[in-house]
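Working notes, beginning with the structure itself.
First the proteins, then the strands, lettered A, B, ... as listed; each starts at 1. The figures here come from the full heavy-atom set of this structure, side chains too, leaving out hydrogens, waters and symmetry mates. All of these numbers come straight from a predicted model, not from anything done at the bench.
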Amino acid sequence: MAEVLVVDDSKVMRDMVVACLRPYPGLTFTHASSGLEAIERLSLQPYDLLVLDLNMPDIGGIEVVEFVRGQDRLRELPIIIVTTRGDEASRARALAAGASRFMTKPFTPDAILAEARGLLEGGRA
Amino acid sequence: MSASVDLADFLPAYLAEAEELLGTGHRQLLAMEVSLRRGVAHPRAVRELFRAVHTLKGLSAMVDVEPIVDIAHWMETCLRNADRAGGRLPQASVEPLMEGLREIEQRVRQLAAGKSAAPVPAGLLARLEALEVAGAAGGGGVATGGAAALALEEALASRLSPAEREQLTTGVTGARRAVRLDFIPGADRAASGTTINTVRERVASLGETVKVLPLSGPTVGGGSLTFVLLVLTEASDAELQEAAGGPPASVRPLVVPATAEAPAPGLEAPGVLEEEEPEESRRSGGTLRVEVSRLDEALERLAALVVNRSRLSRAVAALTAAGAPTRELNAILQENARQLRDMRTAILRLRMVRVGDVLERLPLLVRGLRRSTGKAVRLALDVGDEELDKAVADRLLPALVHLVRNAVDHALELPEARRALGKPDEGVVRVATHGRAGGLLDLTVSDDGRGVDAQAVAARARVPMPATPDALLELLCRPGFSTRDAANATSGRGMGMDIVRRIIVEQLGGELALETRPGAGTTFRLRVPLTITLLDALVFECAGLRYAVAVGSVEELIEVDAARLARPAGAGGLCLLERRGSAVPLVSLARLLGLAPGAAQDAMGAKALLVRQRGELVAFGVDRLVGQQEIVLRPLEDPLVRVPGVVGATDLGDGQPTLVLDLAALGLARGGKPSRREASAKAERYLS
């Protein structure tokens, strides 16, 4: 069993990410529709994987990554950032902040599944 | 690793969200235009429009609609420049942006009508591109000078954009103040419905939130996170504090009034301009669009009323028992119960959507499939005026999409093959409703294709030939089962059938059946409930099993500190837990459920859920909190299997039924003092 937090202000996008990762056995999913909600959930309970949109209404993905990496408890949490063409500058900042992987829209279900698999099974130490 | 997911399945959902984003886009662009005419920046509208366009771009890329991606990309670039310029959009940009939205809208409509999106008109991209150059050249002059200083530590102030600073410092006029509201989230607060989302909603009704900043570091109450909301408002400190769940939330002024200067000429409070027409007030054709969350809120309020009513009726019962004349009171109570039931029905009716509206995206799906498979296929919709709860409809649609997809992809033969069999070239997939009975809606999805080859299915599953249609369906619904034949199909019968069954049977508590005749076709018969109960639930683990309880029933969630447990002598092994200076009985849920007979006293669990049982707090020890999520509650309808303390079951997405508990009722039932009065109170709580 592994807990995945999927953060995106677009419901369709969240549903797509969940559908893409669903074939991986034993995952349970929690949705967050904003960066703030994500931070709140992360501060209240543990997760095994964070899938994060960069561009959100209140605070963006980069700030969420910065928050996560600033917490001892969350330092090793794998983070997949979902970006869109045109986000290149933010992507560099997210990488510097400590994101683990990037998926640029459009990506295939297999591609994100493979990244998730790698992060969940790759040993996080 | 097979691609068992096809993102094209999300096209209907994409189109719906695209329409919403376009609506937001149009509103923000109009608001910007109004501001421009008055010579004022409108940073928030610029940001909102940017986000809408950016989201559209990403989604369009996922479902492969390149022309929209291109238009959105250039609009976004232009808006990014405006945001960097403090929300000032050049007048010349409005028209091309307007045109961009219109062109995107046109393509969304084309897709909805089953056509492909037209290529981008060459002139538009050139015009948008020209804007980018102009914007980048003239984007420097941000007017931030002179405004009042923000009383905000640098760590927070540095996280504000120039536009946000400007909004805060110039937004102070008359009774309108700029304040910071500190909200400290916590599991107990989340359990009682106070989360950053609800706080934001409540604050939104009191003023304008310019920015919310998360702040790490120790907080009152042992947390490590504070949300700092920067708000322009006329509300009092007390009102704001209340909106954030009361203390330890705190309010401080943000703009020091002493340094506040008269606003520069031409700079009005952005707030004046931001009175957008609320979406729900836009009526069209006698219907009203309302966010589902508002209906849910109404239902929650009603639930609170119902709980309160049961307290009232207990109080009246006590009076009656004491010999007071309560005939009149009882008559009023009865009337009140009927009114509450009527009101619940009225609210639930608001959530009903017509099945026909739910299915209106299917023709689009079939047209897409016709192109991708090269099969001649017609979709026949034979749908009455039945209505379903929105929550059921949202879950049903993906199942129907799976079934229709499977029918076209796999069941229907290619035109030549059909001709050879004496069938018309064009295959028919029919989705029909057959009325309601007993709170269930009957639907069928049928095709006139080749039928399911039971022998082939059995061979593939390496089991004996199934003897009945039910047994065949069982095989098809095995997780991961597929009759996919790489040589001739893009997806197979069986692909996703486990998902269909999970939605229809496990999630919705409905029924799924199969009829198939080799060479003649297949019919799936679905029966789904018209309404379901959604519940915000805490999910936890106890003795290795998962359970859920309604968030609203849990007063608080605490860690169990074994060192601080007391076991008074002669209390029959009863364990007490200290909480804020008073003793609360701690009950091991595992033992209560008979999961750990004779377990050691120490097996009290690591966490405890505090629940009020007849007004008294009781702590139920559990092993681990899994999380909070919305669940579909399936009540245990059969009176024979009704168990006190178990309100129903749900599927958390793992295909396993998870019991939903009513801890208070469970504690009473197993505590040796089951009372009839309590049972009837519980029944009332679930009304109807």
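For B/R546, the part sitting under 4.5 Å from any heavy atom of chain A is the side chain, from C-beta outward, and nothing else. No part of B/L625 comes within reach of chain A, as not one of its non-hydrogen atoms sits under 4.5 angstrom from that chain. Only the side chain of B/R200 comes within less than 4.5 Å of a heavy atom of chain A; its backbone N, CA, C and O stay farther away. With a 4.5 Å cut-off on non-hydrogen atoms, A/D53 does not touch chain B at all. Only the side chain of A/Q45 has a heavy atom closer than 4.5 Å to any heavy atom of chain B. The part of A/M1 that comes within reach of chain B is its side chain, from C-beta onward, which places non-hydrogen atoms under 4.5 angstrom from that chain.
Taking A/T104, A/T83, A/D15, A/T28 one by one and counting their heavy-atom pairs under 4.5 Å with chain B, the maximum is reached by A/D15. Listed options B/T55, B/L215, B/N197, B/T209 were ranked by heavy-atom pairs under 4.5 angstrom with chain A; first place goes to B/N197. Among A/R41, A/M56, A/H31, the residue making the largest number of heavy-atom pairs under 4.5 Å with chain B is A/M56. With respect to chain A, the highest number of heavy-atom pairs below 4.5 Å among B/P214, B/P398, B/A16 belongs to B/P214.
Annotation: side chain of A/T84 is not in contact with side chain of B/E76 (no heavy-atom distance under 4.5 Å). Proximity of B/T195 to A/E37: side-chain heavy atoms (C-beta onward) are nowhere separated by under 4.5 Å. Looking at heavy atoms from C-beta onward, B/D64 lies out of side-chain contact with A/P106 at the 4.5 angstrom threshold. The shortest side-chain heavy-atom distance between B/Y14 and A/M13 does not fall under the 4.5 Å cut-off. Residues A/I39 and B/P185 have side chains not in contact (no heavy-atom distance under 4.5 Å, counting atoms from C-beta outward). A/K105 places none of its side-chain heavy atoms less than 4.5 Å from the side chain of B/V63.
Using a 3.5 Å distance cut-off with no hydrogens or angles, the side chains of A/S10 and B/E17 do pair a donor with an acceptor.
Distance check: A/I59 CD1 to B/I196 CD1 gives 9.5 Å after rounding to the nearest 0.5 Å. B/D6 contributes atom CG, which lies 11.5 Å from atom OG1 of A/T108 (distance to the nearest 0.5 angstrom). From B/L59, atom CG reaches atom CG of A/D8 across 7.5 Å, with rounding to the nearest 0.5 Å. Atoms NZ and CG, on B/K57 and A/N55 in that order, are 9.5 Å from each other to the nearest 0.5 Å.
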Q. Is there a side-chain contact (heavy atoms from CB on, under 4.5 Å) between A/Q71 and B/L225 once you walk through the steps?
A. CA-CA 10 Å; A/Q71 308 279 308; B/L225 174 67; over 6 Å; no

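Across all their heavy atoms, B/A13 and A/V12 have their closest contact at O-CG2, 3.4 Å. Between B/A187 and A/L44, the closest heavy-atom pair is N-CD2, 3.5 Å. Closest non-hydrogen pair, B/F183 versus A/E40, comes out as CE2-OE2, 3.8 Å.
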